[in-house]
Amino acid sequence: MSSQPLESSRKTEILNFDAEQRCKYLLKQVVANQQVWILTDEHGSVMVTTDEEDCIPVWPNEEFAQMWATNEWEGFEPKAIPLTQWHKKWTSGLEEDELSVVVFPLPDDEGAVLYPTELDDEIKQMANKVK
């Protein structure tokens, strides 16, 4: 499920959001598109450490995930995880591995860090709001 690229002015507006605003934007996009975006290579998904937490970064769409795939992450490719698969496998898998989720990080702003169950709950709450 691929969405249309964002207009330049809208993209700039979103990139100027603070971490909380980007988190809300991600939640709305994840619910609307029924997918979460990560970066992967042949070894698996990108992992980062923020404030002593090991995290998997997630983005609202391919375009923003691709922005992260530079420097040390060059060669990583955006990958969509269907929301049903995220709920069924990823949340429990991340919990078991004691990993957190960093929501919509930017190259110069790490974004909000949530436990996988917190992100799941936020997604479900957003889904109930848009019904």
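Every heavy atom of this structure was used, including side-chain atoms; hydrogens, water molecules and symmetry mates were not.
A donor-acceptor pair is defined here as one N or O able to donate and one able to accept, closer than 3.5 Å; no such pair exists between the side chain of E98 and the backbone of E95. Between the side chain of E53 and the backbone N or O of V113, no donor-acceptor pair lies under 3.5 Å. In this structure, D41 contributes its side chain and G44 its backbone to a donor-acceptor pair below 3.5 Å. Under the 3.5 Å distance criterion, the side-chain polar atoms of T117 are left unmatched by any main-chain donor or acceptor of T91. Within the 3.5 Å criterion, the main-chain N or O of Y115 finds a donor-acceptor partner in the side chain of E118.
Here E63 contributes atom CD and Q66 contributes atom CD; the two are 10.0 Å apart, rounded to the nearest 0.5 Å. The distance from the CD atom of E62 to the CG atom of N33 is 11.5 Å, given to the nearest 0.5 Å. With rounding to the nearest 0.5 Å, the separation of CH2 in W90 from CG in D97 is 10.0 Å. To the nearest 0.5 Å, the span separating CG on L27 from CE on M126 amounts to 5.0 Å.
At a threshold of 4.5 Å between non-hydrogen side-chain atoms, the residues L114 and V103 count as touching. Side chains of V46 and I38 form no contact here, defined as non-hydrogen atoms less than 4.5 Å apart. Using a 4.5 Å heavy-atom threshold, the side chains of L119 and W86 count as touching. Side-chain contact between N61 and Q35: absent, with no pair of heavy atoms (C-beta onward) separated by less than 4.5 Å. Within the 4.5 Å cutoff, no side-chain heavy atoms of L39 are placed close to those of K79. Within the 4.5 Å cutoff, the side chain of V30 has heavy atoms near those of the L83 side chain.
Ring orientation note: the planes of W68 and W59 are tilted relative to one another, at an angle of 30° to 60°. Using the six-membered ring where Trp is involved, F76 and W73 have ring planes that are perpendicular, over 60° apart on the 30 and 60° scheme.
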Listing, residues 17-24 side-chain donor-acceptor contacts under 3.5 Å, not counting sequence neighbours, or none:
| unit_1 | atom_1 | unit_2 | atom_2 | d |
| --- | --- | --- | --- | --- |
| D18 | OD1 | E20 | N | 3.1 |
| D18 | OD1 | Q21 | N | 2.8 |
| Q21 | OE1 | D18 | N | 2.9 |
| R22 | NE | F104 | O | 2.8 |
| R22 | NH1 | F17 | O | 3.0 |
| R22 | NH1 | D109 | OD2 | 3.0 |
| R22 | NH2 | F104 | O | 3.4 |
| R22 | NH2 | D109 | OD2 | 3.3 |

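Across all their heavy atoms, D120 and H87 have their closest contact at OD1-ND1, 2.6 Å. Of all non-hydrogen atoms in P57 and C55, the two that sit nearest each other are CD-O, 3.8 Å. Contact between S45 and I56 at its shortest, heavy atoms only, is OG-CD1, 3.3 Å. The minimum heavy-atom distance linking A65 with W37 is given by the pair CB-CB, 4.3 Å. Contact record, P116 with V101: CA-CG2, 4.2 Å, taken as the closest heavy-atom pair.
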Evaluation steps, salt bridge (Lys or Arg N to Asp or Glu O under 4.0 Å), between E7 and R10:
CA-CA 5 Å; E7 289 182 22; R10 179 63 175 147; over 6 Å; no
